[in-house]
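All remarks here apply to the structure that follows.
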Amino acid sequence: MPPAQTDADTRERNAEACPVIESLEQIGSQWRLAVLHTLLEGEQRFNELKRSTGANARTLSRVLDDLGEMGFVERRIEEDSPIATYYSLTEKGESLEPVFGEIECWASEWLDETETAAPEK
């Protein structure tokens with residue numbers, strides 16, 4: 001009987017087959033995309049990101065940690081009183097700007113058409 005395949009085996013096979021899948025696994029969650037898109041506007045504090053993305057504090061903290069570990073986001077701490085933490089995109093994160101632009105173009109063309117072409121219920 002062959003050994004059971006794990007999720008990691010499946011991800012590895014998918015990543016080899018298609019770099020798009022691997023890319024989307026890194027940035028493709030709703031909250032990661034929201035944070036990355038928001039930070040394209042520039043450096044922001046935690047609470048500013050929380051307000052603009054609508055994420056709760058726990059989710060946002062986890063997402064920022066994940067994006068930091070993957071090299072998309074960097075954190076800067078100002079030690080002045082009160083201590084302030086700022087988040088911004090790294091060069092890797094900033095390189096996503098044209099990708100977001102293309103997705104927005106695609107969405108404006110095709111999502112509106114899909115909604116109008118959908119049969120009524």
Side-chain angles (χ1 to χ4, degrees):
M1 176 179 255
Q5 292 186 357
T6 65
D7 288 339
D9 294 333
T10 302
R11 281 194 300 275
E12 185 176 330
R13 247 191 348 275
N14 287 344
E16 290 171 1
C18 183
V20 172
I21 293 171
E22 183 178 4
S23 301
L24 289 175
E25 284 181 350
Q26 287 192 15
I27 65 169
S29 80
Q30 169 189 353
W31 298 116
R32 288 179 186 173
L33 290 169
V35 168
L36 290 167
H37 191 263
T38 300
L39 286 175
L40 285 172
E41 299 169 10
E43 183 178 70
Q44 294 196 26
R45 293 176 70 164
F46 185 87
N47 284 333
E48 292 171 326
L49 279 171
K50 190 173 162 221
R51 274 191 302 275
S52 60
T53 62
N56 66 44
R58 183 176 179 185
T59 298
L60 182 57
S61 181
R62 181 180 39 83
V63 166
L64 287 166
D65 288 344
D66 290 348
L67 290 172
E69 288 175 14
M70 291 184 286
F72 290 103
V73 171
E74 59 190 5
R75 180 172 58 177
R76 178 176 66 85
I77 299 174
E78 277 192 6
E79 299 291 338
D80 298 338
S81 185
I83 295 175
T85 305
Y86 294 87
Y87 296 89
S88 61
L89 295 177
T90 62
E91 185 177 347
K92 181 179 179 180
E94 289 174 351
S95 72
L96 291 170
E97 187 168 14
V99 174
F100 278 104
E102 287 298 318
I103 292 171
E104 288 171 1
C105 288
W106 179 86
S108 67
E109 180 178 344
W110 292 100
L111 293 184
D112 290 341
E113 183 177 299
T114 303
E115 290 173 5
T116 58
E120 293 185 25
K121 291 185 178 182

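Just so you know, residue 1 is the first one in the sequence shown, and it goes up from there.
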Check your understanding: Leu64 and Arg75: side chain to side chain contact (heavy atoms under 4.5 Å, CB included), yes or no, with the steps?
Key -> CA-CA 9 Å; Leu64 287 166; Arg75 180 172 58 177; over 6 Å; no
Review point. Is there a path from Leu24 to Val73 through hydrophobic residues (I, L, V, M, F, W, Y) whose side chains come within less than 4.5 Å of each other?
Key: no
Review point. Rounded to the nearest 0.5 Å, what separation is found between the CD1 atom of Ile27 and the CG atom of Leu36?
Key: 6.5 Å
Review point. CG of Asn47 to OG of Ser52: how many Å apart, nearest 0.5 Å?
Key: 10.5 Å
Review point. Does anything in residues 37-46 pair up under side-chain hydrogen bond (donor to acceptor under 3.5 Å, both in side chains), and if so which pairs, sequence neighbours excluded?
Key: His37-Glu104, Glu43-Arg76
Study note, to complete from the structure: residues 54-66 vs side-chain hydrogen bond (donor to acceptor under 3.5 Å, both in side chains), sequence neighbours excluded, gives Arg32-Asp66, Asn56-Thr59
**Study point:** Over all atoms of both residues, closest heavy-atom pair of Glu79 and Ile77
**Key:** OE2-CG2, 3.6 Å
Review point. Mind checking what makes side-chain hydrogen bond (donor to acceptor under 3.5 Å, both in side chains) contact with Gln30, not counting sequence neighbours?
Key: none
Review point. In the hydrophobic cluster built from side-chain contacts under 4.5 Å, what are the other members alongside Tyr86?
Key: none
Review point. Could you walk me through whether Leu39 and Leu49 pass the side chain to side chain contact (heavy atoms under 4.5 Å, CB included) check?
Key: CA-CA 8 Å; Leu39 286 175; Leu49 279 171; 3.8 Å; yes
Point to revise | Residues forming a side chain to side chain contact (heavy atoms under 4.5 Å, CB included) with Ser23, sequence neighbours excluded | key: none
Check your understanding: side chain to side chain contact (heavy atoms under 4.5 Å, CB included) with Leu60: which of Tyr87, Trp31, Phe46?
Key -> Phe46
Point to revise | Summary of salt bridge (Lys or Arg N to Asp or Glu O under 4.0 Å) pairs that have at least one residue in residues 89-101, sequence neighbours excluded | key: none
Practice item. Indicate yes or no for a side-chain donor-acceptor contact from Thr90 to the backbone of Gly71 under 3.5 Å, with no hydrogens or angles considered. Key: yes
